[in-house]
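One structure below.
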Amino acid sequence: RNSAVQSAACGVCTDVVKRHIRLGTNPGNYDRSAEPVCSYAYESGLIASPATMVYHMAPAETPAELAADWCGCTTF
């Protein structure tokens, strides 16, 4: 693959997904102490309906690292 294209794709994917990702496996099993930004947008009335959430398990320390892993980018 073209490394510049892959790097750009990883950057875009990570930037979008980090706002929607939860550390866990499903709506009943995730780390409730680290809600993604989009959940607060709904709760505060900035958006009309709940945003789509992504659930993923990985040894990540930040939402960006978790999103990058979900996107298939090399992070660890």
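Just so it is clear, the structure is predicted and the values come from calculations on it, not from any experiment.
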Measure the CE-OH distance between Met57 and Tyr30 for me, rounded to the nearest 0.5 Å.
14.0 Å
Taken to the nearest 0.5 Å, the spacing of Ile21 CD1 from Thr52 OG1 works out to 13.0 Å
To the nearest 0.5 Å, how far apart are OH in Tyr55 and OG1 in Thr25?
9.5 Å
Can you tell me how far CZ of Arg32 sits from CZ of Arg22, rounded to the nearest 0.5 angstrom?
7.5 Å
One should read off an interatomic distance between Trp70 CH2 and Thr14 OG1, to the nearest 0.5 angstrom, of 10.0 Å
The test is disulfide bond (SG atoms under 2.5 Å apart); show your working for Cys13 and Cys73 and say whether it passes.
CA-CA 9 Å; Cys13 183; Cys73 306; 6.0 Å; no
Atom NE2 of His20 and atom SG of Cys38: how far apart are they, to the nearest 0.5 Å?
4.5 Å
Going only through I, L, V, M, F, W and Y residues with side-chain contacts under 4.5 Å, is there a path from Leu66 to Val54?
yes
Between Ile47 and Tyr42, does the side chain to side chain contact (heavy atoms under 4.5 Å, CB included) criterion hold? Intermediate values first, please.
CA-CA 5 Å; Ile47 56 177; Tyr42 174 67; 3.8 Å; yes
For Glu43, give me all partners under salt bridge (Lys or Arg N to Asp or Glu O under 4.0 Å), at least two apart in sequence or on another chain.
none
Spell out, as yes or no, whether a donor-acceptor pair under 3.5 Å connects the side chain of Ser39 to the backbone of Pro36.
yes
